[in-house]
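Worksheet: the structure to be examined is printed underneath.
Values below: all heavy atoms of this structure, side chains included; hydrogens, waters and symmetry mates excluded.
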Amino acid sequence: MKEELLQAMRNILADNSKIITFTVYTKRQRFDAFIISQPDSFASPIFYFGDYFNSYMKNISPEDLAKEIVGIYYLSDNIGSLLNLAF
């Protein structure tokens, strides 16, 4: 599931995008996560694979999950850009 989802996101994102995967440890629990990074981006939301696993198990395609994640990323980036405007 993870590799399929990562590849689906790579197919959507610009070539200069990076997807960085890592593991978060908290309260004796382990969570596999990732961020999307682009040059000059204000966004860096953390996405957890577990949040998308149930949807995947309900036959939501990796491509549809990738569209949702990339949409959230770009929305976060646009909000961050607006917050950093100098008026």
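Residues Ile12 and Leu5 fall within the same hydrophobic cluster, defined by Ile, Leu, Val, Met, Phe, Trp and Tyr side chains chained together at heavy-atom separations under 4.5 Å. Taken together through direct or relayed side-chain contacts under 4.5 Å among Ile, Leu, Val, Met, Phe, Trp and Tyr, Ile69 and Met1 form part of one hydrophobic cluster.
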Worked check of side chain to side chain contact (heavy atoms under 4.5 Å, CB included) between Lys18 and Ile36: CA-CA 6 Å; Lys18 294 180 186 176; Ile36 299 170; over 6 Å; no
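Taking both residues in full, the closest heavy atoms of Ala8 and Pro62 are given as CB-O, 3.6 Å, listed atom of the first, atom of the second, then distance. Scanning both residues, Ala33 and Ile46, for their nearest heavy atoms gives CB-CG2, 3.8 Å.
Between Ser55 and Leu65, the closest side-chain pair of non-hydrogen atoms falls below 4.5 Å. Gln7 is not listed as a side-chain neighbour of Glu4, based on a closest heavy-atom distance of 4.5 Å or more.
Annotation: ring-ring contact (aromatic ring centres under 6.0 Å, His included) contacts involving residues 48-79, sequence neighbours excluded, comprise Phe34-Phe49. Applying the salt bridge (charged side-chain N to carboxylate O under 4.0 Å, His left out) test to residues at least two apart or on different chains, the pairs with a partner in residues 53-76 are Asp64-Lys67.
Within the 3.5 Å criterion, the main-chain N or O of Leu13 finds no donor-acceptor partner in the side chain of Ser17.
More than 12 heavy-atom neighbours from other residues, nucleotides or ligands sit within 6.0 angstrom of CG on Asn16.
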Identify all side-chain donor-acceptor contacts of residues 19-28 below 3.5 Å with residues at least two apart in sequence or on another chain.
unit_1 : atom_1 : unit_2 : atom_2 : d
Thr23  : OG1    : Asp32  : OD1    : 3.3

